[in-house]
Trainee: 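Here it is, the structure in full.
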Amino acid sequence: MGFIAGLGLAEGMALELTGKEERVIALRSLTSPLVCLLCCRKFELYSMAWNLKEDLRDCLVAAAPYGGPIALMKNNFRKEKSPGSRPLLEIYSASGVPLASVLWKSGQVVQLGWTASEDLLCIQEDGTVLIYNLFCEFKRHFSMGNEVLQNHVREAKVFHTEYGTGVAILTGAHRFSLTTNIDDLKLRRMPEVPGLQKLPSCWAVLSQDRVTIILLAVGQDLYLLDNTSCSVVTPPGISPHAGAYVQMAVSFNYCYLALFTDTGSIWMGTSSLKEKLGEFSCDFRTPPRQMVWCTRPRSKQRAVVAAWDRRLLVAGKSKECIQFILDEDSYLVPELDGVRIFSRTTHEFLHEIPEASEEIFKIASMAPGALLLEAQREYEKQSQKADEYLREIKDQNLLAEAVRQCIEAAGYEHEPETQKSLLRAASFGKCFLDKFPPESFVRTCRDLRVLNAIRDYQIGIPLTFAQYKQLTIEVLLDRLVLRRLYPLAIKICEYLRLSEFQGVSRILAHWACYKVQQKDKSDEEVAHAINQKLGDTPGISYSEIAARAYDCGRTELAIKVLEYEPRSGEQVPLLLKMKKSQLALNKAIESGDTDLVYTVVLHLKNELNRGTFFMTLQKQPVALSLYRQFCKHQELETLKDLYNQDDDHQELGNFHVHSSYSSEKRIEGRVAALQNAVDEYYKAKNEFAAKATEDQIKLLRMQRRLQDELDKPYVDYSLHDTVYGLILDGNHKRAEQLYRDFRIPDKRFWWLKIGALAEREDWEEMEKFSKSKKSPVGYLPFVEICMKHHNRHEAKKYAARVTPEQRVKAHILVRELDQAADAAIEHKNENEMNLVLSKCTAATDSSVVEKINRAKAQILKK
């Protein structure tokens, strides 16, 4: 690849090249020969395979950035309505390989454009925007509003911002409408331009400070439209004789603006219109068919590329330019780091030469990278000059810089042979360095291998190194998947050793989603093929694949694919969506997830009539049980209906008991509910529950009578609490009545009464009660309760009446350790003696201790 540097051109002259001449051009200012003002090269990407018969000027053309596909609409400008004259929409790869085509049967298309995710936008005259994928498959559509529909679209532009892909419309009423994100459609009607009676001569969409605005030209006036206002602006430093604006261009990153006037002047500046970068005057007066920016990230060199029918002009900040003679009509595609130029036969790339490449390849370069490249070539020839070149680099201590330059330049080269040559030179130089980090070399080798694979003619994605880094490997893989290049995408994932979830799993899932759309194979074959390919690959969701099959109208295939989904939580929602409720219920029950079962049951409840719903639940005991639990908390009446349908009298009785306490407030209502429960219990042959419920009815009525007579709350008390309360209030006869009526066991009643009397501190009544008859609980409880209420005097009365077996414990409770010791010695029970000893203290109970020890010694002697 040749290189021309330091050309001495007079001011205002242009270098003119035909398309078959040198592709690498460098122009330098005569006044400042060391500063390169314009340095670019143009090389061929592909010879186009599409064999177009029409000129590009006769077609609507749209090419996606980042080496994206090309869309053509032929016959779009014909007015005949015969079927043979219908427009033909075709999509090609960047190498001209056909991807898809479709006969256009909708309205008149005004503009084509690509989204950031490589979907094709077809903007119609009536304001409808139709969205197609890479294979001309319709996805969806949206409208730009009623005003656009009424006034028709005269011009349209598709643009990209941080919000997403946007569409701007100029209507026949000379008004602008736009949306900044077609995936979150919010239409904005821009302010009116005062006095505008004709279409603007040119206009562009700008993005400044996250705000989308429109710049338009009407003659020699420029107007800026934002959300609320229209203002007149003037580019700084523009010649007063520049004339009317007829074309404008915004850079790829929206930072720079170029304006072309009818006098041939090209003004270049920032898009904020606050700074002028340069101005160039050319010999052309007619507006260029296209005008775009040619820039590179982090570069200070900027150029504008303008295309006429058979001529291409590249103008920088200086007064010189480059002109290319074109053999045929061409189309310009602005890129992040250059401009793609394609015609019927070729596809080329024009870009600024990166600094590393310029340093290495310029004529007579003494840059360290150039010397290292020469050293490696001489080494391959087994020439001693290799050592001389290496010494020269080492003497300047620039070997590391030389390796870095070769690695960097290799990334920017398109030809694999040039890449290899530079990487061999870098590898050669690394051998003479002790601590050069290998990461950049390895990374560049990997990236170039990926880039060369996708640049292949059959793939047709001519990404540059800078575009690849900006796009990221994840997005590149997405684009390969969208093109259905699954094997290549998987190979790249494996080569780069990407994680399963990020790489192979995701691609296989996309492949499976595409596979289910193929109608030429049976459901069984497709499901088996998907399972054979995917198996248990981590990160694969069979439910998503099944959902795609269902969306394609293949319900049976979706069910078969779902069988391979191990997560019931993913199976069930889709089965419900497919109206396979019974299968969904079976899967939910098998999972053991109660929440999932509830989800299906409630879905069935809303979907089926009541009778069918209950019959369905009858066949699934687990679901029925869970639904009953749900009804207990949420729908009591439904629960009652369930029990009635099952003739479950036991549960119906329980239901009436529960409802008597939770729903009924009046005593009469509660008694009636309990009586219903009694009837159900008898039907269930549960006499115990029936008798207990009858006793509860009797208690409720008695409590109501006591409450009315004594003016104290007794309703809802338990039988024990009622008796206890009556004794506490001194109503002993009423308590005795309850004791007899409800046959309270003697022991339980005595415990209740002595507890209540102690709490009431009615010690006299307690003593009388203890003597009324022999205590069924003994007299130790009397001692315990008296001591609990701190009445030792009363406790002593009962301590003497306890049985001999409990006497030691009773004396200990009333703190009579001497008597406790005597009782223990009398019983000759060593455990009781030890218990008494444990309660003694050396200071106060020494005589008791001595007595017990003496007794224990005597026992041991025997």
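Residue numbers run from 1 in the order of the sequence given.
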Trainee: Are E374 and K385 close enough for a salt bridge, meaning some N to O gap below 4.0 Å?
Mentor: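 Between K385 and E374 there is no salt bridge, as every charged N stays at least 4.0 Å from the carboxylate O atoms.
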
Trainee: Between L56 and D329, what is the shortest heavy-atom contact and its length?
Mentor: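 Answer, listing the atom of L56 first, then D329: CD1-O, 3.8 Å.
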
Trainee: Not counting sequence neighbours, which residues clear side chain to side chain donor-acceptor pair (under 3.5 Å) with S299? List them please.
Mentor: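 Residues passing side chain to side chain donor-acceptor pair (under 3.5 Å) with S299: E352.
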
Trainee: Using the rule given for side-chain contact (heavy atoms from CB on, under 4.5 Å), can you reason through C493 versus I507, listing the C-alpha separation, both sets of side-chain angles and the distance that settles it, and then say yes or no?
Mentor: CA-CA 9 Å; C493 290; I507 294 164; 3.3 Å; yes

Trainee: Are the side chains of I473 and I492 in contact, using a 4.5 Å heavy-atom criterion?
Mentor: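 Contact flag for I492/I473 side chains = yes.
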
Trainee: Hey, are the side chains of L326 and W308 touching, using non-hydrogen atoms and a 4.5 Å cut-off?
Mentor: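 Not touching, per the 4.5 Å side-chain cut-off.
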
Trainee: What is the ring orientation for F428 with Y379, classed by angle as parallel under 30°, tilted 30 to 60°, or perpendicular over 60°?
Mentor: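 Tilted, since the angle between the ring planes falls between 30° and 60°.
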
Trainee: My understanding is that only residues two or more places apart in sequence, or in another chain, count here; which of them pass side chain to side chain donor-acceptor pair (under 3.5 Å) with S272?
Mentor: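 Listed in chain order: T270.
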
Trainee: Return yes if a side-chain donor-acceptor contact under 3.5 Å exists between S265 and E279, otherwise no.
Mentor: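 Yes.
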
Trainee: With a cut-off of under 6.0 Å to the ring centre and 45° to the axis, is R311 in cation-pi contact with F284?
Mentor: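 No - R311 does not lie over the ring of F284 by the 6.0 Å and 45° rule.
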
Trainee: Once ring pair (Phe, Tyr, Trp, His ring centres under 6.0 Å) is applied, do any residues pair with H160, and if so which ones, sequence neighbours excluded?
Mentor: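 Checked H160 against ring pair (Phe, Tyr, Trp, His ring centres under 6.0 Å); zero matches.
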
Trainee: Closer than 4.0 angstrom, basic N to acidic O: yes or no for R391 and D387?
Mentor: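 A salt bridge is present here (some side-chain N lies under 4.0 Å from a carboxylate O).
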
Trainee: Go through the structure and list residues passing side-chain contact (heavy atoms from CB on, under 4.5 Å) with L423, not counting sequence neighbours.
Mentor: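 Only A410, F441, T444, C445, L448 meet the side-chain contact (heavy atoms from CB on, under 4.5 Å) criterion with L423.
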
Trainee: Between K420 and E380, does at least one N-O distance fall below 4.0 Å, as a salt bridge requires?
Mentor: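 Looking at E380 together with K420, the answer is no, because their closest N to O distance does not fall below 4.0 Å.
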
Trainee: Strictly by salt bridge (charged side-chain N to carboxylate O under 4.0 Å, His left out), give each pair with a member in residues 330-346 just once, sequence neighbours left out.
Mentor: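 Listed once each, the pairs are D55-R344, E328-R344, E335-R340.
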
Trainee: Can we say R41 and E413 salt-bridge, meaning some charged N sits less than 4.0 Å from an Asp/Glu carboxylate O?
Mentor: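 Salt bridge between R41 and E413, a charged N being under 4.0 Å from a carboxylate O: yes.
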
Trainee: Tell me if the aromatic rings of F43 and H414 count as close, with their centers under 6.0 Å from one another.
Mentor: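 Yes - the distance between ring centres of F43 and H414 falls below the 6.0 Å cut-off.
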
Trainee: Are side-chain heavy atoms of E494 and V504 found at a separation under 4.5 Å?
Mentor: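 Of all side-chain heavy-atom pairs linking V504 with E494, at least one is under 4.5 Å.
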
Trainee: For S207, enumerate each residue passing the side chain to side chain donor-acceptor pair (under 3.5 Å) test, keeping only those at least two apart in sequence or located in another chain.
Mentor: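 Here no residue qualifies.
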
Trainee: What pair of heavy atoms forms the shortest contact from P69 to R483, and how long is it?
Mentor: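 Smallest heavy-atom distance, with atoms named: CD-NH2, 3.3 Å.
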
Trainee: Are side-chain heavy atoms of F342 and W50 found at a separation under 4.5 Å?
Mentor: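 When only atoms from C-beta onward are counted, W50 and F342 do touch, with a gap below 4.5 Å.
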
Trainee: Side chains of M366 and L371: does their closest heavy-atom pair fall under 4.5 Å?
Mentor: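 Yes, their side chains come closer than 4.5 Å.
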
Trainee: At their closest point, which heavy atom of L373 faces which heavy atom of S421, and how far apart are they?
Mentor: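 Distance-wise, the nearest heavy atoms are CD1-OG, 3.4 Å.
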
Trainee: Give me the atom names and distance for the closest heavy-atom approach of L45 to P462.
Mentor: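 L45 and P462 have their closest heavy atoms at CD1-CB, 3.9 Å.
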
Trainee: Is there a side-chain contact between L485 and I454, using heavy atoms and a 4.5 Å cut-off?
Mentor: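 They are not in contact (no side-chain heavy atoms under 4.5 Å apart), so the answer is no.
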
